[in-house]
Number of protein chains: 2
Amino acid sequence: TLESRALTKTYFSTDPPTQVLGGIDLTVREGEFVVIMGASGSGKSTLLYSISGMDRPTSGNVLLEGRELTSLDDAEMAGVRLTRMGFVFQQAHFLSNLDVRDNILLPALKAAPKEKDAAIARVDALMERFGIAHVKDHGITQVSGGQLQRASICRALAGEPSILFADEPTGALNSSMSEEVMNALTDVHSDGTTVVMVTHDPGCAVRGDRVIYLRDGLLVDSRELGTW
Amino acid sequence: TLESRALTKTYFSTDPPTQVLGGIDLTVREGEFVVIMGASGSGKSTLLYSISGMDRPTSGNVLLEGRELTSLDDAEMAGVRLTRMGFVFQQAHFLSNLDVRDNILLPALKAAPKEKDAAIARVDALMERFGIAHVKDHGITQVSGGQLQRASICRALAGEPSILFADEPTGALNSSMSEEVMNALTDVHSDGTTVVMVTHDPGCAVRGDRVIYLRDGLLVDSRELGTW
Ligand SMILES: Nc1ncnc2c1ncn2[C@@H]1O[C@H](COP(=O)(O)OP(=O)(O)OP(=O)(O)O)[C@@H](O)[C@H]1O
Ligand SMILES: Nc1ncnc2c1ncn2[C@@H]1O[C@H](COP(=O)(O)OP(=O)(O)OP(=O)(O)O)[C@@H](O)[C@H]1O
Ligand SMILES: [Mg+2]
Ligand SMILES: [Mg+2]
């Protein structure tokens, strides 16, 4: 279970400071597929960063299985993220000196250095599934926008995380490739992975167990989606 | 009129080289709104870069109003782009040391240094229209994904280009903000601007005069959209 209590986030880098998140109480049950929606600028990415330990909240608590993430130091937090979490960023962050395949492999190898062959096999299978195997040797700056986004998804799934955070994973993709991505998220979810996904696409949102809505940095609604 | 004849593009940076565009013959009439669609990796961004002078074709010609763009040197080509073209990139490229407003202003000021006040007024009006005026003083790295995309659109429109190239301008935006962007493109088009837009969203494509389809680097179809 991933939980936030009275979570706030203010950026002090601007003048005046930018208050982005008011007090957010959120509980993500183990194995749940939660979708976050809301207008551009409402705080969705900021919320994702705050509950995944990518960024420190300004106040409030974040707990993972009862353990206070907010009290870990940077190294401990990085360890939790590496071994337990996968992250698909809204704007892909990669290492520009590495090719596509090594970029995807890197976190999976770091998380499980003794299981190198298994990680390589998983990455190759993921690249096949998402149709980017033919560009695996390209530099990461030598691929199309949609190929980059698919590489981002492969990297997040490669380490078999127990929690997957996905920030607009289908933005650069047409409907058939979006479908493929959503099928992969649905598959890992059926295997027990917790998924927290930001999307503005209702067609993707409908794959979740529950949709929560952000407006001006506050949770304003939460709706269970029935299973068919 | 913007025209390509037997345009090809091969990237020699990979081994083996990547042939992306086969021979492309394309005519974009002055004032036309052409939409380019096709699968991820089919060559849409590459085509846009090749016909806008952002990148040099491997072979073939590109002509703007009968003038050979492909024979201009880099400085002349940069001059044409600055004064005649606006470009919305698929992944926003900005100057990270400048704030949002200055990033948007910069090309408009460079294109028309004697008309500073007019450019500033246009930029401020554009930021208001797209709801990013409240973040104009943020660093360009201190905004949300959708705000960044809207800044990209403002920058492309700020210089009142005669040709606007837009590569997936609505990818990071929900339906209401996408609508706002498409309205702005439709408006400049009614004012006589030529628009060449890549999209994978049929809802956006339908705003064009004509849709052309790329598959594996070749133009495979072209359809006129009737006006209602
Ligand atoms: N600098 C480069 N070097 C080598 N290959 C490249 C380079 N840039 C792009 N490519 C390859 O060229 C092909 C077409 O890329 P392009 O970016 O034009 O596709 P696209 O149609 O815009 O796709 P998307 O919808 O994903 O944005 C892809 O297979 C890509 O991997
Ligand atoms: N580093 C920062 N410094 C100051 N303000 C920031 C910073 N990062 C984001 N913001 C602001 O915080 C607000 C929320 O940003 P966030 O990225 O969380 O929005 P979002 O809901 O993900 O939007 P989008 O749908 O456009 O991606 C925005 O108004 C943005 O300008
Ligand atoms: Mg965001
Ligand atoms: Mg592209």
Subject >> For the student: nearest non-hydrogen atoms of B:Gln90 and A:Ala172, plus distance >> reply: NE2-CB, 4.5 Å

Original post:
Between A:Glu168, A:Arg150, A:His134, which residue shows the highest count of heavy-atom pairs closer than 4.5 Å to chain B?
Top reply: A:Arg150

Original post:
Are any non-hydrogen side-chain atoms of A:Leu173 and B:His200 less than 4.5 angstrom apart?
Top reply: no

Original post:
Measuring heavy-atom distances to chain A, does B:Thr18 have an atom under 4.5 Å in its side chain, in its backbone, in both, or in neither?
Top reply: side chain

Subject >> Shortest non-hydrogen separation from B:Gln147 to A:Ser40 and the atoms involved >> reply: N-OG, 3.6 Å

Original post:
Once you round to the nearest 0.5 Å, how far does CG of B:Asp201 lie from CG of A:Asp201?
Top reply: 9.0 Å

Original post:
Take atom CZ in A:Arg56; do more than 12 heavy atoms of anything else shown fall under 6.0 Å from it?
Top reply: yes

Original post:
Above 12 or not: heavy atoms from other molecules or residues under 6.0 Å from CG of B:Asp25?
Top reply: yes

**OP:** Answer with side chain, backbone, both or neither: which region of B:Ser13 has an atom nearer than 4.5 Å to a non-hydrogen atom of chain A?
**Re:** both

Original post:
Taking C-beta and beyond as the side chain, do B:Asn174 and A:Met37 meet within less than 4.5 Å on heavy atoms?
Top reply: no

Original post:
Can you say whether B:Ile132 sits under 4.5 Å from chain A via the side chain, the backbone, both, or neither, judging by heavy atoms?
Top reply: neither

